[in-house]
**Q** 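I have a structure here, written as structure tokens, and I will follow up with some questions on it.
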Amino acid sequence: MTELNRIQFRTYYHGTDDSKVESILKEGLKANTPGAGEWDIDDDNPEPGHPRGVYFATTIEGARKYGPAVFAADLPDSADWKWSENGEVLGHDLPPYFLRQVE
């Protein structure tokens, strides 16, 4: 794959349950949703490989593993990306106008 420069974008996909579609369309994706079952052990000692953030897959197929409703977002490589064992993790909220529902 060709490397992108800092101002170029690529498409990322977020899979979720159908029950969350309305909320995502209204509020976007939240990097830290209180009470949603965080992967972190606590604020001072996060579980390695599972940072707080919005999780994305690089393919639609990868996103489908997390739910039948799939959203796409075109995001830059220069965004606030976190390292994760389970995909790409954006370290901040993503407003609904950045998202489009593809499935």
Side-chain angles (χ1 to χ4, degrees):
M1 177 186 298
T2 304
E3 282 297 313
L4 302 176
N5 69 41
R6 292 179 57 81
I7 61 168
Q8 288 178 305
F9 290 70
R10 73 174 83 221
T11 302
Y12 294 90
Y13 302 91
H14 179 84
T16 191
D17 298 329
D18 288 330
S19 65
K20 297 179 182 170
V21 170
E22 187 175 329
S23 172
I24 291 170
L25 290 171
K26 182 179 177 184
E27 300 176 22
L29 295 169
K30 304 292 183 181
N32 181 22
T33 306
E38 299 296 334
W39 285 94
D40 291 338
I41 297 169
D42 62 44
D43 288 338
D44 297 323
N45 187 20
E47 184 176 324
H50 301 292
R52 290 182 179 169
V54 178
Y55 281 70
F56 286 96
T58 55
T59 65
I60 289 177
E61 294 79 16
R64 285 184 192 136
K65 295 177 186 177
Y66 298 95
V70 177
F71 289 87
D74 297 321
L75 302 168
D77 282 348
S78 61
D80 181 22
W81 295 107
K82 308 292 183 194
W83 180 87
S84 170
E85 297 170 349
N86 296 342
E88 309 295 329
V89 181
L90 186 63
H92 57 78
D93 295 349
L94 195 62
Y97 53 83
F98 277 95
L99 303 167
R100 61 189 182 280
Q101 187 172 4
V102 294
E103 292 189 354

**Q** Can you tell me how far the OH atom of Y13 sits from the OG1 atom of T58, to the nearest 0.5 Å?
**A** 9.0 Å
**Q** Can you name the residues that form a salt bridge (charged side-chain N to carboxylate O under 4.0 Å, His left out) with D80, not counting sequence neighbours?
**A** K82
**Q** Would you mind listing every salt bridge (Lys or Arg N to Asp or Glu O under 4.0 Å) that reaches into residues 92-102, with sequence neighbours excluded?
**A** D74-R100
**Q** Could you tell me whether the side chain of L25 reaches within less than 4.5 Å of the side chain of L99, counting heavy atoms only?
**A** no
**Q** Could you check whether any side-chain N or O of H92 sits under 3.5 Å from a backbone N or O of A31, counting only pairs where one atom can act as donor and the other as acceptor?
**A** no
**Q** So do the side chains of R10 and D77 get within less than 4.5 Å of each other, counting heavy atoms only?
**A** yes
**Q** Kindly state each residue pair satisfying side chain to side chain donor-acceptor pair (under 3.5 Å) with at least one member in residues 17-26, sequence neighbours excluded.
**A** none
**Q** Just list the side-chain donor-acceptor pairs under 3.5 Å for residues 59-73, sequence neighbours left out, or say none.
**A**
residue: T59; atom: OG1; partner: G62; partner atom: N; Å: 3.0
residue: R64; atom: NE; partner: E103; partner atom: OE1; Å: 2.8
residue: R64; atom: NE; partner: E103; partner atom: OE2; Å: 3.4
residue: R64; atom: NH2; partner: E103; partner atom: OE2; Å: 2.5

**Q** Working to the nearest 0.5 angstrom, can you tell me the gap between I24 CD1 and T16 OG1?
**A** 4.5 Å
**Q** Quick check: is Y97 connected to L90 through a chain of hydrophobic side chains (ILVMFWY, heavy atoms under 4.5 Å apart)?
**A** yes
**Q** Measure the acute angle between the ring planes of Y12 and W81, then classify it against the limits of 30° and 60° as parallel, tilted or perpendicular.
**A** tilted
**Q** Which atom pair, heavy atoms only, marks the closest approach of H14 to V54?
**A** ND1-CG1, 4.1 Å
